[in-house]
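Fair warning: this is a prediction, and the values are worked out from it, not measured in the lab. A, B, ... follow the sequence lines: proteins, then strands. Residue 1 opens every chain.
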2 protein chains.
Amino acid sequence: MANMEKEYNLSKNQQIVFDIIEKSSEPVKAYSILFNVKKKGIKAPPQVYRALEKLIKLGKIHKVESKNAFVACKSSNCEVSKATAFSICEICEKVTEIANNKLSNFLNSFEDKSGMKYKKYNLEFFGLCKKCKKT
Amino acid sequence: MANMEKEYNLSKNQQIVFDIIEKSSEPVKAYSILFNVKKKGIKAPPQVYRALEKLIKLGKIHKVESKNAFVACKSSNCEVSKATAFSICEICEKVTEIANNKLSNFLNSFEDKSGMKYKKYNLEFFGLCKKCKKT
DNA sequence: AACACTATGTAATAATATAACGTTTGAAAG
DNA sequence: CTTTCAAACGTTATATTATTACATAGTGTT
Ligand SMILES: [Zn+2]
Ligand SMILES: [Zn+2]
Ligand SMILES: [Zn+2]
Ligand SMILES: [Zn+2]
């Protein structure tokens, strides 16, 4: 029986915002969240943005930068959100978090000649999903 | 003697916007561009955003998504801008385009089980640059 | 000239995000 | 239990980023 565990760590607003994002099958925009939680008493952008910020820190959600939208973490790998990869369909706009060890190993250990040490990355792939490729 | 070649393909506004970005040592924001080109007769956001859009298509600039800012392409690899990678210092905010064959080969040939074929990607690494690591 | 295509100018507005302030809450220490 | 402190909250206003819509002007081709 999945989903028995509640999210006890989250504050009220954080939980409300997280629920919206988790239930959505697609990335959710901040103002779409705001609109949807008006009925729950959240009235102003800062309340949403503060919850988003915290949820990102906790690794429970990620921001899809190219879309200014937010998705729940599916990969349980990234409890602390520091290495994220997404595939984005250019037609239907479906976004999927990529959990691939070869990819994450490669990127986590990547170093270039600049001498910079990377603690964190975000990767967004664009292309056509299976469905959209067929049409 | 570098930079002899002018950008004959670019329209007036495109050239003006490109010059600003190319001369800057850091990513430039759209409204910063707008402010700086007022003296050249560009007065309104759409003029800037249209130029940016075209320059991106041409691969002459890239958008750094996590910063909503634009940089000139340094890598001459990406004439058609479809595979971009940046390193971003979390302290001084310096952004550098990464040109690394191992990285681009790996990402260009990446496939996961989703069956999605990727034509394009954007990767942003975060960390501390050499300078900021020392302090 | 007629056509298609790209680029431009301009006003208005939409969408995304943060600043600033004071108050409340909740856990932990004394 | 009360003091304390940090986190979370509520609210107003504002800043920042981006697009819509529509009219006009240049550019090259047939
Ligand atoms: Zn994740
Ligand atoms: Zn699709
Ligand atoms: Zn480039
Ligand atoms: Zn630095």
Side-chain angles (χ1 to χ4, degrees), chain A residues 6-21 24 26-71 80-81 88 93 95 122 124, chain B residues 6-21 24 26-71 80 88 90 93 95 122 124:
Chain A
K6 278 214 177 165
E7 314 288 345
Y8 286 111
N9 318 334
L10 300 182
S11 75
K12 179 173 135 274
N13 287 0
Q14 289 157 19
Q15 186 68 55
I16 291 169
V17 168
F18 180 67
D19 286 345
I20 297 273
I21 297 172
S24 171
E26 51 188 26
V28 198
K29 305 217 152 207
Y31 274 73
S32 153
I33 294 170
L34 178 56
F35 179 81
N36 280 291
V37 298
K38 285 258 166 82
K39 61 195 83 157
K40 302 228 177 189
I42 295 182
K43 288 169 184 160
Q47 296 173 286
V48 171
Y49 281 100
R50 285 192 289 231
L52 289 172
E53 186 181 19
K54 188 63 187 290
L55 291 166
I56 289 171
K57 262 191 199 134
L58 295 173
K60 300 197 72 71
I61 66 169
H62 305 303
K63 181 172 186 180
V64 182
E65 292 285 357
S66 63
K67 294 192 160 310
N68 295 318
F70 304 85
V71 294
V80 174
S81 158
I88 303 173
E93 310 228 298
V95 173
N122 178 58
E124 299 182 8
Chain B
K6 277 214 178 165
E7 314 288 344
Y8 286 111
N9 317 336
L10 300 183
S11 75
K12 179 172 135 275
N13 287 359
Q14 289 157 18
Q15 186 68 56
I16 290 169
V17 168
F18 180 67
D19 287 345
I20 297 273
I21 297 173
S24 171
E26 52 188 25
V28 197
K29 304 218 154 207
Y31 274 72
S32 154
I33 294 170
L34 178 56
F35 180 82
N36 280 290
V37 299
K38 284 258 167 81
K39 61 195 82 155
K40 303 227 175 188
I42 294 182
K43 287 169 184 160
Q47 296 173 289
V48 171
Y49 281 100
R50 285 191 291 231
L52 290 172
E53 186 181 19
K54 189 64 188 289
L55 291 166
I56 288 171
K57 262 190 198 134
L58 295 173
K60 301 198 71 73
I61 65 170
H62 305 302
K63 181 172 186 180
V64 183
E65 292 285 357
S66 63
K67 293 192 160 310
N68 295 317
F70 304 86
V71 294
V80 173
I88 302 173
E90 287 179 307
E93 310 227 297
V95 173
N122 179 58
E124 299 182 9

Rounded to whole Å, the CG-P distance (A:N68 to D:dT16) equals 17 Å

Of B:A51 and B:P45, the one whose closest nucleotide on DNA chain C sits nearer the 5' end is B:A51

Report task. Taking only the side-chain nitrogens and oxygens of B:K12, find out if one of them lies under 4.0 Å from OP1 or OP2 of C:dT6. Result -> no

A:Q15 atom CD is separated from D:dC9 atom C1', nearest whole Å, by 16 Å

In whole angstroms, the gap separating C1' of D:dG10 from NZ of A:K40 amounts to 18 Å

Between CG of A:N13 and P of D:dC9 the distance, given in whole Å, is 4 Å

In whole angstroms, the gap separating C1' of C:dA17 from CG of A:L34 amounts to 12 Å

A:R50 CZ to D:dA7 P, in whole Å, measures 14 Å

ask   = Are any of A:Q47's side-chain N or O atoms less than 4.0 Å away from OP1 or OP2 of D:dG10?
value = yes

Could you check whether any side-chain heavy atom of B:V37 comes within less than 4.5 Å of a side-chain heavy atom of B:Q47, counting everything from C-beta outward?
no

Scanning both residues in full, the closest heavy-atom pair of B:N9 with B:Q14 reads O-OE1, 4.4 Å

Q: State whether B:K43 places a side-chain N or O below 4.0 Å from either non-bridging phosphate oxygen (OP1 or OP2) of C:dG9.
A: no

Side-chain donor/acceptor contact of B:Y31 with base of D:dA18 under 3.5 Å: yes

Exercise for review: Report yes if some heavy atom in the side chain of A:K67 is under 4.5 Å from a heavy atom in the side chain of A:V95; otherwise report no.
Suggested key: yes

Considering only heavy side-chain atoms of A:P46, the closest of C:dA19, D:dG10, D:dA18 is C:dA19

Using only side-chain N and O atoms of A:S11, determine if any of them is under 4.0 Å from OP1 or OP2 of D:dA7. no

*asked:* Under 4.0 Å from OP1 or OP2 of C:dA7: is there any side-chain N or O of B:K54 that close?
replied: yes

Closest non-hydrogen atoms of A:A30 and A:L52, given as atom of the first, atom of the second and distance, are CB-CD1, 4.0 Å

A:A44 has its side chain closest, among C:dT6, D:dT11, D:dA18, to D:dT11

Quick note, B:Y49 side chain, CB onward, closest among D:dT17, C:dT16, C:dT8 is D:dT17

So CD1 of A:I88 and OG of A:S66: to nearest 0.5 Å the spacing works out to 3.5 Å

Taken to the nearest whole Å, CD1/A:I42 to P/D:dA8 is 14 Å

DNA chain D nearest-nucleotide lookup for A:G41 and B:F70: closer to the 5′ end is A:G41

From NZ of A:K63 across to C1' of C:dT18 the rounded distance in Å is 12 Å

